[in-house]
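Beneath this line is the structure, given in structure tokens, with notes to follow.
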Number of protein chains: 2
Amino acid sequence: MTYSISEVAKELNLTVYALRYYDKEGLIPFVERTPSGIRVFKESDIEALKIIQCLKSTGMPIKEIKGFIEWCSEGDSTLQQRYDMFLERKAAVEAQLEDLNKTMELINHKCNYYKTALDAGTEDIHKNNKIGNF
Amino acid sequence: MTYSISEVAKELNLTVYALRYYDKEGLIPFVERTPSGIRVFKESDIEALKIIQCLKSTGMPIKEIKGFIEWCSEGDSTLQQRYDMFLERKAAVEAQLEDLNKTMELINHKCNYYKTALDAGTEDIHKNNKIGNF
DNA sequence: GCTTGACCTAGAGTTAACTATAGGGATTAT
DNA sequence: ATAATCCCTATAGTTAACTCTAGGTCAAGC
């Protein structure tokens with residue numbers, strides 16, 4: 001089973017433009033073409049794109065992802081680099097999760113702040129709080 | 001106690017450029033100036049900047065944050081809007097946390113994949129796995 | 001009184017990651 | 001066999017959020 005670029009775009013929830021851009025940037029050099037030059041995506045290409053999306057969502061820039069793709073095509077000699085890269089990504093995501101949890105705390109705090117103010121009809125209810133009002 | 005722009009930058013871990021940019025974009029209209037035009041930051045200004053950083057980290061663009069700042073200066077008549085905004089931000093962060101947790105799962109999966117491959121000395125160890133290798 | 005260092009504004013430049021346009025080829029339905 | 005629809009490339013344009021530069025002001029120390 002193979003897929004056209006627009007089918008892949010729909011499936012992965014990104015645009016045809018973006019896919020072509022990824023190709024141009026060297027993220028998917030393994031995608032084959034028909035004799036007339038049309039891209040033909042295999043299942044394994046879609047799996048690779050999912051990994052690319054995953055790496056992107058860790059905040060990794062496209063140029064670095066390209067480096068990883070190159071390592072993949074170089075075979076077992078780059079296994080250590082690739083492992084190290086994923087450990088690094090893991091640490092990055094852990095840090096992001098920590099930050100986001102702190103953000104969530106503050107947001108929750110503000111939700112309570114405004115709920116209380118709304119119930120009282122005025123923000124003045126918080127005027128004497130040590131907690132930063134705004 | 002008041003602070004100069006460079007002290008605030010250091011404290012909040014951002015640049016002087018960024019602070020002036022925020023000011024230009026209307027995020028901190030309440031920051032006062034000396035007669036000669038130099039910005040003088042109060043504690044409450046720093047607190048406000050922390051909220052701004054928090055909103056930014058939820059993915060909120062600066063123009064929308066500006067809208068919130070305007071609501072703040074309009075008083076109690078905008079309490080409902082501000083409450084709704086924070087509820088919306090809370091939902092956004094919840095979604096981000098969910099995504100990031102999924103990302104973490106895949107990353108962990110890949111860490112194991114490469115650990116196993118590294119121990120075996122070759123990626124071929126995964127060739128017959130249903131799980132997408134790459 | 002002059003140099004130094006921090007501050008100011010206006011505006012140009014940067015970067016990433018698309019997004020869109022123009023111009024053209026191939027395949028499918030009628 | 002022709003119109004519609006999808007595909008292609010190359011290249012220009014967009015956007016957000018800074019980042020930097022040029023040119024100038026101002027207060028403090030020597």
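Naming: A, B, ... by sequence-line order, numbering from 1 per chain. Reckoned from all heavy atoms, side chains included, excluding hydrogens, waters and symmetry mates. This structure is a prediction, so every number in the text was calculated from the model and none was measured.
- No path of Ile, Leu, Val, Met, Phe, Trp and Tyr side chains, each step under 4.5 Å between heavy atoms, connects B:Ile65 with B:Val93, placing them in separate hydrophobic clusters.
- Residue A:Arg39 places no side-chain N or O under 4.0 Å from the OP1 or OP2 atom of D:dC6.
- Close to C:dC7, at under 4.0 Å from its OP1 or OP2, lies a side-chain N or O of B:Ser6.
- For A:Lys63, the NZ atom is loosely surrounded, since the number of other residues' heavy atoms within 6.0 Å does not exceed 12.
- Spacing between atom CG of B:Leu55 and atom P of D:dA17 amounts to 12 Å, rounded to whole angstrom units.
- Legend: residues meeting side chain to side chain contact (heavy atoms under 4.5 Å, CB included) with A:Tyr21, ordered by chain and number and at least two apart, are A:Glu25, A:Ile62.
- Terminal axes of the helix from C:dG1-D:dC30 to C:dT30-D:dA1 (five pairs each, C1' rotation axis) are separated by 10°, to the nearest 10°.
- Side-chain atoms of A:Arg89 and B:Lys110, non-hydrogen and from C-beta on, never get closer than 4.5 Å to each other.
- The pair A:Lys10-A:Glu7 does not count as a salt bridge, with every side-chain nitrogen at least 4.0 angstrom from each carboxylate oxygen.
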Practice task
Quick one, give me the B/S/- string for nucleotides 16-27 of chain C, reading 5' to 3', where B means a protein heavy atom under 4.0 Å from the base and S means that only happens at the primed atoms, P, OP1 or OP2.
Solution key: -BBBBB----S-
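- A donor-acceptor pair under 3.5 Å is formed between the side chain of B:Gln53 and the backbone N or O of B:Leu12.
- With 3.5 Å as the limit, one finds a donor-acceptor pair spanning the side chains of B:Asp84 and B:Gln80.
- In terms of phosphate contacts, B:Arg33 brings no side-chain nitrogen or oxygen within less than 4.0 Å of OP1 or OP2 of D:dT25.
- Between B:Glu7 atom CD and C:dG5 atom P there is a gap of 17 Å when expressed in whole angstrom units.
- A distance of 4.5 Å separates CG in B:Leu79 from CG in B:Asp76, rounded to the nearest 0.5 Å.
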